[in-house]
Amino acid sequence: MNVPTALAGCALVILALADAVVTALSMVAVTGPVSGRVAEAVWRTSRALNAWTGRGSIFLKWSGTCTLLATFTTWAVLLWAGWWLVFSADTASVVASRTAAPADGWDRVYFTGYTVFTLGIGDYVPDTAWAQVATAVASLSGLFLVTLSLTYLVQVVQAVVHKRVLAQQIHCLGQDAFGIIAAGWTGSGFSSMFNQQLVSLTEPLLRLGEQHLAYPVVHYFHSTRRSKAPARALAALDDALLLLRVGVAPGSRPDPAATGPLWSALDQVLDTLRGQFFARAEQERPAPALSVLRKAGVPVVDEGEYAARVREHTGRRRALQGFLRSDGWDGDRA
């Protein structure tokens with residue numbers, strides 16, 4: 001037996017399974033050593049093609065699906081190649097079932113494939129004791145990887161649906177800061193229903209951050225429709241919250257019990273994702289002008305006071321701008 005070949009095969013098998021387990025089951029901000037690089041490569045390629053061709057966001061639209069397929073393919077290829085090396089370490093380990101002739105290199109590729117993916121065709125069989133054990137372990141590893149991949153796929157789809165539903169929920173409140181604020185202003189104050197709508201966003205917003213950590217590939221699913229783009233929805237929501245908390249005159253502000261938790265939740269999401277998925281931009285996102293409030297008929301604070309309060313949140317606005325760009329948005333353009 002060629003021991004180095006067998007060890008190299010075992011290393012690839014362990015790498016494939018470890019990468020899949022870390023990526024699919026880890027609940028912290030981490031991906032496998034291989035899948036993380038694959039996802040980043042697909043995303044960078046999609047953004048480069050999008051910029052080079054000028055085809056709107058067609059490449060970004062499919063980046064998440066391509067990332068998921070590339071990840072599954074990488075796991076399968078690593079597992080397949082690993083077990084092929086293991087069975088290739090001994091030329092007598094696999095033989096034809098009818099003639100007992102030793103399998104050649106291509107035959108071992110074929111045998112490894114239908115063993116790992118549990119097809120059980122039987123054209124070739126293991127001919128040594130260790131090969132029989134290895135065949136059983138290879139089938140078990142293939143079954144585990146396929147089951148894990150399918151489970152991961154279901155969870156990712158649910159997470160993608162959730163983040164798009166959240167974006168639409170925010171979009172229904174208003175397409176931008178003005179729309180959100182104008183919908184809640186009654187002429188004399190903010191309605192109690194508006195406060196309840198803000199409160200209802202806190203839990204799904206926190207869940208969005210946790211799902212990005214649990215299933216990092218979710219970040220690469222880009223929506224071409226503005227109403228379903230979470231990054232743009234969170235930017236509009238943050239603009240509105242900034243105005244509500246520091247731009248509206250103190251006596252006319254909505255209930256702090258509604259805006260406070262939502263403000264903290266959004267800050268927590270940005271802080272959770274920063275570093276893993278994006279970095280703070282060099283320039284902060286421009287703060288919405290007080291004219292937005294005046295247009296809606298809402299009493300406002302002094303311009304100087306507003307500017308001073310906005311400067312206190314420069315880091316948050318830079319993080320928000322970085323999040324927008326990481327999702328493929330440059331302002332209002334993809």
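Computed over heavy atoms, backbone and side chain alike; hydrogens, waters and symmetry mates excluded.
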**OP:** With W185 as reference, evaluate F178, F190, F194 under the ring-ring contact (aromatic ring centres under 6.0 Å, His included) test and give the passing residue.
**Re:** F190
Original post:
Do other residues, nucleotides or ligands put more than 12 heavy atoms under 6.0 Å from E303 CD?
Top reply: yes
Subject >> Check: R294 and V300 side chains under 4.5 Å, non-hydrogen atoms >> reply: yes
Original post:
Are E40 and R37 within salt-bridge range, i.e. N to O under 4.0 Å?
Top reply: no
For residues 73-81, which side-chain N or O atoms pair as donor and acceptor with protein atoms under 3.5 Å away, sequence neighbours left out?
from, atom 1, to, atom 2, distance (Å)
T73, OG1, L69, O, 2.8
T74, OG1, A70, O, 2.7
W75, NE1, D19, OD2, 2.7
W80, NE1, V109, O, 3.0

**OP:** Could you tell me whether the side chain of D176 reaches within less than 4.5 Å of the side chain of V292, counting heavy atoms only?
**Re:** no
Original post:
How are the rings of F87 and W130 set to each other: parallel, tilted or perpendicular (split at 30° and 60°)?
Top reply: parallel
Original post:
Can a salt bridge be assigned to the pair E305 and R309 using a cut-off of 4.0 Å between side-chain N and carboxylate O?
Top reply: no
Original post:
Would you call R316 and D238 a salt bridge, taking side-chain N to carboxylate O under 4.0 Å as the test?
Top reply: yes
**OP:** Indicate the ring-plane relationship of H222 and W43, choosing parallel, tilted or perpendicular according to the 30° and 60° boundaries.
**Re:** tilted
**OP:** Indicate yes or no: at least one non-hydrogen side-chain atom of V246 is less than 4.5 angstrom from one of Y306.
**Re:** yes
Original post:
Between R325 and E282, is there a salt bridge with N-O shorter than 4.0 Å?
Top reply: no
Subject >> Salt bridge flag under 4.0 Å for residues D327 and R232 >> reply: no
Original post:
Any side-chain heavy atom of C10 within less than 4.5 Å of one from V86?
Top reply: yes
Subject >> Centroid separation F117 to Y114 less than 6.0 Å >> reply: no
